[in-house]
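Not measured: the values here are computed from a predicted model.
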Amino acid sequence: MALAGPVANFLLMVMAGVAIRAGMLDGGFQSPEAVNFYTVVEAVQPGAWEGVAKVVSILFSLNLMLGIFNLLPVPPLDGYSVIGLFTSEQMARRMADLRSTLGMYSMLALMVGWQAFSYIYQPVFLMAVNLLYPELHYA
């Protein structure tokens, strides 16, 4: 169950990537000069394609961000529960007990996770965009 949310996020990101590539094949999209959270693809001409390009760009970036953030191994995020999949049953129970006793410290763990996330997201985002555009290289 812990992987359901992140997997759904990554599937939505892949679907946005497929939509981007389909839009490029159709001639409505082009790769941008520079990428960022809001601009993973650009419209070739002004009009409806601009709105679609913005939506799929944000869909791509947002779902990548949510999937990665949820996999951080800090309680109460899903990544903490995922660790239990790779440990013994006894250790997984201990981790579940620890999660329930942490209570208000979960907010502190989230803040620490958010700080770590700021270092993790950008390289992963660039890797994902470079996989989306294998003929280009964004840095």
Shared ILVMFWY cluster between [X] and [Y], side chains joined below 4.5 angstrom?
{"X": "L108", "Y": "W114", "answer": "no"}
{"X": "V112", "Y": "L71", "answer": "no"}
{"X": "V44", "Y": "V52", "answer": "no"}

Drop me the distance from [X]'s [atom1] to [Y]'s [atom2], to the nearest 0.5 angstrom.
{"X": "Y121", "Y": "F69", "atom1": "OH", "atom2": "CZ", "answer": "13.0 Å"}
{"X": "R94", "Y": "M91", "atom1": "CZ", "atom2": "CE", "answer": "6.0 Å"}
{"X": "M127", "Y": "Q122", "atom1": "CE", "atom2": "CD", "answer": "12.5 Å"}
{"X": "L3", "Y": "N9", "atom1": "CG", "atom2": "CG", "answer": "11.5 Å"}

| T39 (side chain) donor-acceptor with N36 (main chain) under 3.5 angstrom | no

Which atom pair, heavy atoms only, marks the closest approach of [X] to [Y]?
{"X": "Y133", "Y": "Q30", "result": "OH-O, 4.5 Å"}
{"X": "Y138", "Y": "S31", "result": "OH-CB, 3.5 Å"}
{"X": "Q45", "Y": "E50", "result": "O-CG, 4.0 Å"}

Identify each donor-acceptor pair in which a side-chain atom of residues 55-62 lies under 3.5 Å from a protein atom, sequence neighbours left out, and give them as a table.
| residue | atom | partner | partner atom | Å |
| --- | --- | --- | --- | --- |
| S57 | OG | V40 | N | 2.9 |
| S57 | OG | V41 | N | 3.1 |
| S57 | OG | A53 | O | 2.8 |
| S61 | OG | F37 | O | 2.8 |
| S61 | OG | S57 | O | 3.1 |

| request: Under the salt bridge (Lys or Arg N to Asp or Glu O under 4.0 Å) rule, collect the residues that match up with E33, sequence neighbours excluded. | output: none

| field | Check: V35 and F125 side chains under 4.5 Å, non-hydrogen atoms | value | yes

| query | Salt bridge or not for E89 and R93, using N-O below 4.0 Å? | reply | yes

Using atom types as modelled, flag every donor-acceptor pair under 3.5 Å from a side chain in residues 12-28 to any protein atom, sequence neighbours excluded.
| residue | atom | partner | partner atom | Å |
| --- | --- | --- | --- | --- |
| R21 | NH1 | L132 | O | 3.0 |
| R21 | NH1 | E135 | OE2 | 3.3 |

